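So the structure is just underneath, and the comments pick up after that.
The figures here come from the full heavy-atom set of this structure, side chains too, leaving out hydrogens, waters and symmetry mates. Labels below follow one simple rule: chain letters A, B, ... track the order of the sequence lines, proteins then strands, and each chain is numbered from 1. Bear in mind that the values here come from a model prediction, so they are computed numbers and not experimental data.
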Number of protein chains: 2
Amino acid sequence: MTEKNKAKVREILDTYLECNHHRKTPERYAVLDAVYSIDGHFTLEELDAELTKRNFRVSRATLYNTMHLFIELRLVMRHSLVDGTKYEACYYNDSHIHQVCSVCGQVTEINVPAVTAAVNDLKLQRFRKDTFALYIYGVCSTCQAKLTRKKNDK
Amino acid sequence: MTEKNKAKVREILDTYLECNHHRKTPERYAVLDAVYSIDGHFTLEELDAELTKRNFRVSRATLYNTMHLFIELRLVMRHSLVDGTKYEACYYNDSHIHQVCSVCGQVTEINVPAVTAAVNDLKLQRFRKDTFALYIYGVCSTCQAKLTRKKNDK
DNA sequence: ATAAATGCAAATATTTTGCAAGCGC
DNA sequence: GCGCTTGCAAAATATTTGCATTTAT
């Protein structure tokens, strides 16, 4: 993530905290920066490691609180995949389509403009649409091969 | 869920267990039946309650094991929403689009044929696509009204 | 008879909570 | 100074695991 983009999300947080009379604590900015420095999905544990690497220690409670805040602000997306809960910076990310193998748990982000457009064009009643996540479940070719082999063995 | 449809999913489980030389335990059929008797999303706790109501007791471990199996078989879908993990019978269910309010957590299932078609038409490389789940995040009108009111108060 | 599946209980992992202390406004 | 936010530690939940026992094949 470029510095310019990090500045932009920092500004979004800034504006929100000011408008809603919440505090601009160093923790919130440090966590945001860490989040936007990690590429792709990450666990809470990994986020904590990133912060430690930067010599910034936050408590578990604050980490959870802050992630909840960021999710409400659409700065972070939470995914619950086969191998546990993962987070992801989502402000500069319009690839919300995940291909998930339910055998091995492997997740691949894919880009499908037609689907993205269909979702974005969607008009919802009494609902302010902000973002979306699409999970396509199936079996990857590697696992498919293993399954076929296993069946033949028997 | 009609009895006819329950019979159909039971048959799917049956065929799978036979072909793969796994055991047809009473637990597996009892859990499947309970799953397909509950309407909409449910927690593990609620599933356990349904089984207890039917005088069928299964251990926590078996419940988790069985749900994992059903998920692989596409008989069950697992959702991780704001208010925790939810499961859902999914074999006779093609409404996989969820509208999720990130403030109150309310989930509404919606039907959008255009989007469903776009996803179903999708061709993926080296991946056997089975099913999908789409989550559209935003703010419901009730929460939106509350937020606006709060902002005006200040 | 054999191996897979279950139950149980303990271990682990994950998330929330209450309260005292710290600090942004 | 006020009261939101944090850290801490404990509590509450959720999920997995090892092992003895049961049971489907």
Side-chain angles (χ1 to χ4, degrees), chain A residues 10 13-34 41-49 51-52 54-73 76 78-87 102 105 150-151 153-154, chain B residues 10 13-32 34 41-49 51-52 54-73 76 78-87 102 105 150 153-154:
Chain A
R10 211 147 41 213
L13 176 58
D14 229 60
T15 307
Y16 171 83
L17 294 176
E18 263 175 34
C19 291
N20 294 277
H21 309 287
H22 290 152
R23 288 192 193 158
K24 300 186 185 179
T25 64
E27 284 80 4
R28 286 172 171 165
Y29 291 95
V31 174
L32 184 64
D33 243 53
H41 293 168
F42 57 86
T43 62
L44 248 221
E45 215 55 57
E46 286 161 353
L47 177 58
D48 197 38
L51 283 157
T52 303
R54 294 154 173 251
N55 291 312
F56 200 104
R57 222 209 135 266
V58 288
S59 67
R60 213 21 69 121
T62 299
L63 218 44
Y64 276 107
N65 281 340
T66 309
M67 294 312 273
H68 283 155
L69 171 66
F70 291 173
I71 288 168
E72 277 205 18
L73 292 179
V76 163
R78 183 177 180 273
H79 304 285
S80 198
L81 304 166
V82 184
D83 54 341
T85 301
K86 299 286 176 66
Y87 297 89
S102 2
K150 201 194 283 176
K151 202 170 271 175
D153 286 352
K154 305 205 173 177
Chain B
R10 212 148 38 214
L13 176 58
D14 229 60
T15 306
Y16 171 82
L17 295 177
E18 262 175 37
C19 291
N20 294 277
H21 309 286
H22 289 152
R23 290 193 191 158
K24 299 185 185 180
T25 64
E27 285 79 4
R28 287 173 169 163
Y29 290 96
V31 174
L32 184 65
H41 293 168
F42 57 86
T43 62
L44 247 221
E45 215 55 57
E46 286 160 354
L47 177 58
D48 197 40
L51 283 157
T52 303
R54 295 154 172 251
N55 291 313
F56 200 104
R57 221 205 137 270
V58 286
S59 69
R60 214 19 71 119
T62 299
L63 220 43
Y64 276 106
N65 281 340
T66 309
M67 294 312 274
H68 284 156
L69 171 65
F70 291 174
I71 289 168
E72 278 206 16
L73 291 179
V76 162
R78 184 177 181 273
H79 304 286
S80 197
L81 304 166
V82 184
D83 54 343
T85 301
K86 299 286 175 69
Y87 297 88
S102 1
K150 200 196 281 178
D153 285 354
K154 304 204 168 173

Rounded distance in Å - [atom1] ([X]) to [atom2] ([N]):
| X | N | atom1 | atom2 | value |
| --- | --- | --- | --- | --- |
| B:N20 | C:dA3 | CG | C1' | 16 Å |
| B:L63 | D:dT16 | CG | P | 12 Å |
| B:F70 | C:dA5 | CZ | C1' | 13 Å |
| B:K24 | D:dT22 | NZ | P | 25 Å |
| B:L81 | C:dT15 | CG | C1' | 16 Å |
| A:L69 | D:dT6 | CG | C1' | 14 Å |
| B:H79 | D:dA14 | NE2 | P | 17 Å |
| B:E27 | D:dT23 | CD | P | 9 Å |

Short side-chain N/O contact from [X] to OP1 or OP2 of [N], under 4.0 Å:
| X | N | result |
| --- | --- | --- |
| B:R28 | C:dA4 | no |
| A:S59 | D:dT6 | no |
| B:T25 | C:dA4 | no |
| B:H68 | D:dT16 | yes |
| B:T85 | D:dT15 | yes |
| A:R78 | C:dT14 | no |

Contact nearer the 5' end of DNA chain D, comparing A:N65 with B:Y64: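 That would be A:N65.
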
Test log, rule side-chain contact (heavy atoms from CB on, under 4.5 Å), inputs B:H79 and B:T85: CA-CA 6 Å; B:H79 304 286; B:T85 301; over 6 Å; no

Do [X] and [Y] make a side-chain contact, defined as non-hydrogen atoms from C-beta onward lying under 4.5 Å apart?
| X | Y | result |
| --- | --- | --- |
| A:L51 | A:L63 | yes |
| A:D14 | A:Y29 | yes |
| A:R28 | A:L13 | yes |

Qualifying residue, where the test is salt bridge (Lys or Arg N to Asp or Glu O under 4.0 Å) with A:D48 and the options are A:R54, A:R57, A:R60: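 Only match with A:D48 under salt bridge (Lys or Arg N to Asp or Glu O under 4.0 Å): A:R60.
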
Earlier contact from the 5' end, DNA chain C, for B:R57 and B:L17: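 Final value for this comparison: B:L17.
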
No-H, no-angle donor-acceptor pair, B:R23 side chain to C:dA5 base, under 3.5 Å: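 There is none.
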
